[in-house]
Amino acid sequence: MRTRFAPSPTGFLHIGGARTALFNWLYTRRCGGTFILRIEDTDQVRSTDESTRAILDAMTWLGLNWDEGPYFQAERVEIHRQMVQKLIDEGKAYHCTCIPDELEAKRKKALAEGRKPKYDGTCRDRGLSRCPGSVVRFRCPEVGATVVHDLIKGDISFNNEELDDLILERADGYPTYNFAVVVDDAQMGITHVIRGDDHVNNTPKQILIYEALGYEVPLFGHVPMILGADKARLSKRHGATSVMAYREMGYLPEALVNYLVRLGWSHGDQEIFTMEELVRLFSLEAVGKSAAIFNPEKLLWLNQHYINAYPLEKLLEAAIPFWEGKGFDVTDRRYAAQATENLRTRSRTLVEMANSGGFYFQEEVVYDPEAAAKFLTPEYVGHLEVVLERLPSVADYTKDGLEAFLRALAEERGTKLKWVAQVLRVALTGRTVSPGIDEVMVILGKERVARKLRLAIDRIRCGG
RNA sequence: GGUCCCAUCGUCUAGUGGUUAGGACGCUGGCCUCUCACGCCGGAAACCGGGGUUCAAGCCCCCGUGGGACUACCA
């Protein structure tokens, strides 16, 4: 059993491609088969090495390893040309000298007159030979039907008369997609072609080519597309579509994989899956037939789940680039780990974490103007001064110890813990929203707390 | 226009002739509480329409309607 993922290197790996790759990978691992990566770079104009690298990086990040390749389609053009010649020799393909502009005009005319805009067969029986500017076309059967046995959608039948004498080899000598994909899949021994269902209509043409070439036809599985909120094909205007953009936005690969797999596939009521479970449970039969709308909210929820489920070491490793990205010094790993652990339940992404946890790393507290205006006032400065004064003598400097200390202090001063906590929160974090103030104090430590308290007190006293 | 595919809460889905139509995200009421978040308990929310078949249809068939894909010397 052999499968492949065959992206064209004309851009980064996008969400839809990633899901196709994921389904291929899962199905292959499930069956113990071989997963092949092939780069379809026959479009010499749009293909770039940079895109190839980006695609490989994204797959690696997602954990989708391949067993063979990457193979490059452009390196196989000699093989493609040989196969084209074979079809010409056997009368199954022919040279065509029709001018692109004229074909385009004919197509428009046919469409306007309500006829099928297919190739009119001008060169079909002219017995032309190769010449500059000529292309090679497939002699498509005009009668009969071709049926696609799809693992996901079931049997789909096409009347051959609807099909076109498609171009196999372009004027520049390069094969077209529909031909190269057949030759490569066949020669690489691909047994299961799993791809997006935007290819369904290409499949009968490809089957006819398989048969013309004398190859065994593989099994097909066409997975439904991913749409944006407006039900249009997912694109940039729906937000980020690049896998690596999600990494940069602070998503964990497990979250993206888990989200993507549940888009079109399900296993009862289960929502959370480890890779191991997926490999064990995945099946093409359970893949749905209808397109799915990409829902960023649910992805966010899954990401939060994985941020909370990660072992701390692994989470820290993933978070460090984001801390460093904000310019924070994380050489003290133990401290960075404590901060990360403390922030995880309130972070849906690592970017959110880095944005909300700056107070752990910044020397100077960045005060939110509104928060400071409300709490860093002469009315409350007394709370801060008493805490600063008694801080050195707090023996039980733990979450529980500090809570007891603050509660008693509040009572002594005739107020509630709530108010003392809020004032401290603004003094220590600069905001009115933060993790529990006792936890913050424990992690910051007495030294940092004292320094920040002095800063806040000075600010109030000097009217800063 | 033609060909092909698809159709259960707003979204992702479970459901394979008899169910109070289930779960999840989101939304929402409450609890917890030093703020926020987490967590816990509860709520609103769906079978596209019309015909059949059947004792019985979300499940099967047909026709509509709606959405999508393809219709390139792109892949």
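Computed from heavy atoms alone, side chains included, the values below leave out hydrogens, waters and symmetry copies. Reminder, nothing fancy here: chain letters follow the sequence lines and each chain counts from 1. Owing to the predicted nature of the structure, the values given are computational and were not obtained by experimental measurement.
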Would you measure the distance from the [atom1] atom in [N] across to the matching atom in [M] and give it in whole Å?
N: G17(B); M: C55(B); atom1: C1'; result: 11 Å
N: G58(B); M: A14(B); atom1: C1'; result: 12 Å
N: G18(B); M: A56(B); atom1: C1'; result: 6 Å
N: C61(B); M: U71(B); atom1: C1'; result: 30 Å
N: A46(B); M: G30(B); atom1: P; result: 23 Å
N: C5(B); M: C63(B); atom1: P; result: 12 Å
N: G1(B); M: C59(B); atom1: C1'; result: 35 Å
N: C38(B); M: G22(B); atom1: C1'; result: 26 Å

Sidechain N-carboxylate O distance under 4.0 Å for [X], [Y]:
X: Glu104(A); Y: Arg107(A); answer: yes
X: Lys399(A); Y: Asp438(A); answer: yes
X: Asp184(A); Y: Arg4(A); answer: no
X: Lys116(A); Y: Asp164(A); answer: no
X: Lys106(A); Y: Glu102(A); answer: no

If the condition is side chain to side chain donor-acceptor pair (under 3.5 Å), which residues does [X] pass it with, not counting sequence neighbours?
X: Glu412(A); result: Arg390(A)
X: Glu161(A); result: none
X: Arg130(A); result: Glu169(A)

What does [X] touch in the nucleic acid at a heavy-atom separation under 4.0 angstrom: a base, only the sugar-phosphate, or nothing?
X: Thr10(A); value: nothing
X: Leu111(A); value: base
X: Ala171(A); value: base

Write down the distance between [atom1] ([X]) and [atom2] ([N]), rounded to a whole number of angstrom.
X: Leu166(A); N: C70(B); atom1: CG; atom2: P; result: 16 Å
X: His80(A); N: A75(B); atom1: NE2; atom2: C1'; result: 13 Å
X: Asp150(A); N: C70(B); atom1: CG; atom2: C1'; result: 15 Å
X: Ile437(A); N: C36(B); atom1: CD1; atom2: P; result: 14 Å
X: Asn160(A); N: U71(B); atom1: CG; atom2: C1'; result: 16 Å
X: Lys231(A); N: G10(B); atom1: NZ; atom2: P; result: 10 Å
X: Arg81(A); N: C73(B); atom1: CZ; atom2: C1'; result: 14 Å

ask   = Does Arg346(A) make a side-chain donor-acceptor contact with the base of C38(B), cut-off 3.5 Å?
value = no
request  = State whether the distance check finds a donor on one side and an acceptor on the other, under 3.5 Å, for side chain Asp438(A) versus base C34(B).
outcome  = yes
ask   = On RNA chain B, nearest-nucleotide positions of Gln73(A) versus Thr432(A): which is more 5'?
value = Thr432(A)
remark   = Note: for Asn202(A) and Gln304(A) on RNA chain B, the residue whose nearest nucleotide lies more 5' is Gln304(A)
request  = May I ask you to establish whether Arg81(A) and Tyr174(A) are in a cation-pi arrangement, using a distance under 6.0 Å from NZ or CZ to the six-membered ring centre and at most 45° from the ring axis?
outcome  = yes
Does a side-chain N or O from [X] land closer than 4.0 Å to OP1 or OP2 of [N], or not?
X: Arg344(A); N: C36(B); result: no
X: Arg107(A); N: C73(B); result: yes
X: Ser266(A); N: A14(B); result: yes
X: Thr42(A); N: A75(B); result: yes
X: Arg170(A); N: A75(B); result: yes

message = Does the protein touch nucleotides 58-65 of chain B at the base, only the backbone, or not at all? Give it as B, S and - per nucleotide, heavy atoms under 4.0 Å.
response = --------
All N/O contacts under 3.5 Å from nucleotides 31-33 of chain B to the protein, with atom names and distances to one decimal?
none

task = Could you give me the CA-CA distance, side-chain angles and deciding distance for Glu211(A) and Lys92(A), then say whether salt bridge (charged side-chain N to carboxylate O under 4.0 Å, His left out) is met?
result = CA-CA 11 Å; Glu211(A) 289 170 346; Lys92(A) 294 172 179 168; over 6 Å; no
request  = In sequence, state the C-alpha distance, the side-chain angles, and the governing distance for His80(A) and Gln187(A), and then conclude on side chain to side chain contact (heavy atoms under 4.5 Å, CB included).
outcome  = CA-CA 11 Å; His80(A) 300 135; Gln187(A) 295 204 347; over 6 Å; no
query = Counting side-chain heavy atoms from CB outward, which of C70(B), U13(B), U11(B) is closest to Ala292(A)?
reply = U13(B)
remark   = CZ of Arg124(A) to SG of Cys98(A), rounded to nearest 0.5 Å, is 12.5 Å
key: Distance in Å, Leu56(A) CG paired with Leu37(A) CG, rounded so as to fall on 0.5 Å steps   = 5.5 Å
inquiry  = For a quick test of reading the model, state the closest non-hydrogen atom pair linking Arg448(A) to Ile443(A) and the distance between them.
reply    = NH1-O, 4.2 Å
Give me the distances for all protein-to-nucleotides 20-24 of chain B N/O pairs that come in under 3.5 Å?
| residue | atom | partner | partner atom | Å |
| --- | --- | --- | --- | --- |
| G22(B) | N2 | Asp269(A) | OD1 | 2.9 |
| G23(B) | N2 | Arg262(A) | NH2 | 3.4 |
| G23(B) | N2 | Glu271(A) | OE2 | 2.9 |
| A24(B) | O4' | Glu271(A) | OE2 | 3.3 |

